[in-house]
There are 2 protein chains.
Amino acid sequence: MTVQTIPAPAAPLRVTPASPLFLREDEIRRGIELLYFGYTAMIRGADAILEAQGLGRAHHRALYFIARQPGLSVGELIGLLGITKQSLGRVLTELQARALVEQQVGTADRRQRLLRLTKAGAALEARLFGELERSMARAYGEAGQQAVTGFWAVLMGLVPPDDRPRVEALQA
Amino acid sequence: MTVQTIPAPAAPLRVTPASPLFLREDEIRRGIELLYFGYTAMIRGADAILEAQGLGRAHHRALYFIARQPGLSVGELIGLLGITKQSLGRVLTELQARALVEQQVGTADRRQRLLRLTKAGAALEARLFGELERSMARAYGEAGQQAVTGFWAVLMGLVPPDDRPRVEALQA
DNA sequence: CAGATATGTCAACATGACTGTCCAAACCAT
DNA sequence: ATGGTTTGGACAGTCATGTTGACATATCTG
């Protein structure tokens, strides 16, 4: 599962460094644009796989978080995705119909439905993750270890403080 | 236009630094998740304004890039947004009907329609930008100048090399 | 037992993407 | 000047993904 196949280049990717006046409009716009293009570029690789399966990004997000936190409840997943019960319901119904996701009744609270990937679901998620990983690993490698720390710091700074614990919690 | 109102804190936001083995699956997943949550968090602020206007994110993206590159052609905008002519057409028609965007016939090539914001369009875009800026400036400030450089480097690394010139070109 | 909570389901709707097709104007090369 | 290409607009239909609102069921909790 570990990926060490992409060696970091000797010289990290050169970008214009942030200036001391890095809160100027230009540098803010640069961040907005890179975030937009970087995000869409990372996603793109998985889209082809999804389309071949007749699935969409909504399915991917559900698969991703179920893979990340096996046994999470429907309510927790709704909280992570920030969508309504009805929207998730449709996605989850489809994933179960295709036997990619399975439910089990909660042990502590029997109202809960705890979600897990089936073998087939885990295999599909692994393929999708592979695409994201390929893109992200290349970017990490080109930018270098120190840049990755900065990347995380700025992104965490974008998340409203109240929501940060939930993001951190994924890093179990 | 310059924003210096948010001082960088003495101690930058602390995040777990990337480890020397920063290509491990866990650290890749951390990047994926932060990119997802950070991106959606940044966007969120503008959504309320858009909704009040009866506009969507597609309109915002068009306004953003027209503001960024006044006088760009329809084709260039299609290239930046990565959508089809038909999809952009509807958005652009609406923005023109609301007198937020105006066209002028290209000077060199009279087939082209060069796009500009009207006064009202510029005002709306400024309000929307203000929301993104507030979020991004806070994140920059919390993370610090060096982190911002790393943030840019990783994001640029995500963009396929062939597309990088187009992103750089926005930094005119 | 009563009320709150977790989940599921049905229906109607909005947004923003897509494809396919056709057309007009303008550019460009032979 | 003719013919092919490019740029853009328009119309029609479809799909994916989100939304509200209303209602049902099972289960937990006080």
Side-chain angles (χ1 to χ4, degrees), chain A residues 36 39-40 43-44 46-66 71-98 101-116, chain B residues 36 39-40 43-44 46-66 71-98 101-116:
Chain A
Y36 171 68
Y39 180 73
T40 60
I43 289 295
R44 200 173 307 154
D47 283 347
I49 297 175
L50 288 167
E51 193 181 4
Q53 306 276 327
L55 298 173
R57 289 183 184 176
H59 303 92
H60 187 187
R61 286 194 289 272
L63 288 173
Y64 181 92
F65 286 113
I66 297 171
L72 90 172
S73 70
V74 171
E76 286 169 338
L77 186 51
I78 287 171
L80 280 171
L81 296 175
I83 60 177
T84 60
K85 183 180 57 165
Q86 294 87 335
S87 296
L88 180 59
R90 184 172 30 196
V91 169
L92 233 38
T93 302
E94 276 186 71
L95 291 175
Q96 285 167 346
R98 290 165 186 250
V101 165
E102 60 190 5
Q103 288 183 344
Q104 63 189 71
V105 172
T107 47
D109 184 337
R110 287 175 47 80
R111 290 172 304 180
Q112 293 184 333
R113 298 300 128 94
L114 307 184
L115 302 167
R116 297 185 178 283
Chain B
Y36 171 68
Y39 179 73
T40 59
I43 289 294
R44 201 173 306 154
D47 282 347
I49 297 175
L50 289 166
E51 194 182 2
Q53 307 275 329
L55 298 174
R57 289 184 184 174
H59 302 94
H60 186 187
R61 287 194 288 272
L63 287 173
Y64 181 93
F65 286 113
I66 296 170
L72 91 172
S73 69
V74 173
E76 285 169 339
L77 187 50
I78 286 172
L80 279 171
L81 296 176
I83 60 176
T84 60
K85 183 179 57 164
Q86 294 87 337
S87 296
L88 180 59
R90 182 173 34 189
V91 169
L92 232 37
T93 302
E94 276 186 70
L95 290 175
Q96 285 167 345
R98 290 166 186 248
V101 165
E102 60 190 5
Q103 288 184 343
Q104 63 188 72
V105 171
T107 47
D109 185 335
R110 288 174 44 80
R111 289 171 306 181
Q112 292 184 333
R113 299 302 129 94
L114 308 184
L115 302 168
R116 296 185 180 284

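These values consider heavy atoms only, across backbone and side chains, with no hydrogens, waters or symmetry-generated copies. What you see is a predicted model, and the numbers here were worked out from it, not measured in a lab. The sequence lines fix the lettering, A, B, ..., with proteins before strands; numbering per chain opens at 1.
- Residue contacts shown for Gly89(B) are absent, as no nucleic acid heavy atom lies under 4.0 Å away.
- When each of Glu94(A) and Leu92(B) is assigned the nucleotide of DNA chain D with its nearest heavy atom, Leu92(B) is the one assigned upstream, toward the 5' end.
- Rounded to a whole Å, the CZ atom of Arg61(A) is 8 Å from the P atom of dT17(D).
- In this structure the side chain of Tyr64(B) never reaches within 4.5 angstrom of the side chain of Tyr36(A), judged on heavy atoms.
- Regarding Arg90(A), its CZ atom lies at a distance of 8 Å from the C1' atom of dA16(D), rounded to whole Å.
- Close to dT17(D), at under 4.0 Å from its OP1 or OP2, lies a side-chain N or O of His59(A).
- Taking both residues in full, the closest heavy atoms of Val105(B) and Arg110(B) are given as CG1-O, 3.4 Å, listed atom of the first, atom of the second, then distance.
- When all heavy atoms of Lys85(B) and Ile78(B) are compared, the pair lying nearest together is CA-CD1, 3.6 Å.
- The nearest pair of heavy atoms linking His60(A) to Leu50(A) is CB-CD1, 3.8 Å.
- Annotation: side chain of Leu114(A) is not in contact with side chain of Gln103(A) (no heavy-atom distance under 4.5 Å).
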task: Report the C-alpha separation of Leu92(A) and Val74(A) in whole Å, then their side-chain angles, then the decisive distance to 0.1 Å, and conclude whether the side chain to side chain contact (heavy atoms under 4.5 Å, CB included) test is met.
output: CA-CA 9 Å; Leu92(A) 233 38; Val74(A) 171; 4.2 Å; yes

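- Residues from residues 71-83 of chain B with heavy atoms under 4.0 angstrom of DNA chain D, sorted by number: Ser73(B), Val74(B), Gly75(B).
- For Asp47(A) against Arg57(A), the heavy-atom pair with the smallest separation is OD2-NH2, 2.7 Å.
- The separation between Ile43(A) atom CD1 and dA16(D) atom C1' is 15 Å, rounded to whole Å.
- Side-chain nitrogen and oxygen atoms of Gln112(A) include none within less than 4.0 Å of the OP1 or OP2 phosphate oxygen of dT5(C).
- By the 4.5 Å heavy-atom criterion applied to side chains, Leu80(A) and Leu72(A) are counted as neighbours.
- The distance from atom CD of Gln96(A) to atom C1' of dG8(C) is 11 Å, rounded to the nearest whole Å.
- Rounded to whole Å, atom P of dG8(C) lies 8 Å from atom CG of Leu88(A).
- In this structure, Leu114(A) places its CG atom 13 Å from P of dA6(C), rounding to the nearest Å.
- Between the side chain of Arg98(B) and the backbone N or O of Gln53(B), at least one donor-acceptor pair lies under 3.5 Å.
- Arg111(B) places no side-chain N or O within 3.5 Å of a backbone atom of Gly106(B) that could act as its donor or acceptor partner.
- The NE2-P distance, from His60(A) to dT17(D), rounds to 12 Å in whole Å.
- One atom, CG of Asp47(B), and another, C1' of dG18(D), lie 12 Å apart when rounded to the nearest Å.
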message: Return a single string for nucleotides 20-29 of chain D, one symbol per nucleotide in 5' to 3' order, where B is base contact, S is sugar-phosphate-only contact and - is none, cutoff 4.0 angstrom on heavy atoms.
response: BBB---BBS-

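- Axis angle between the ends of the helix from dC1(C)-dG30(D) to dT30(C)-dA1(D), five pairs each and rounded to 10 degrees, works out to 30°.
- Although no hydrogens or angles enter the test, the distance criterion places no donor-acceptor pair under 3.5 Å between the side chain of Gln96(A) and the main chain of Thr93(A).
- Using a 4.5 Å cut-off on side-chain heavy atoms (C-beta onward), Glu94(B) and His59(B) make contact.
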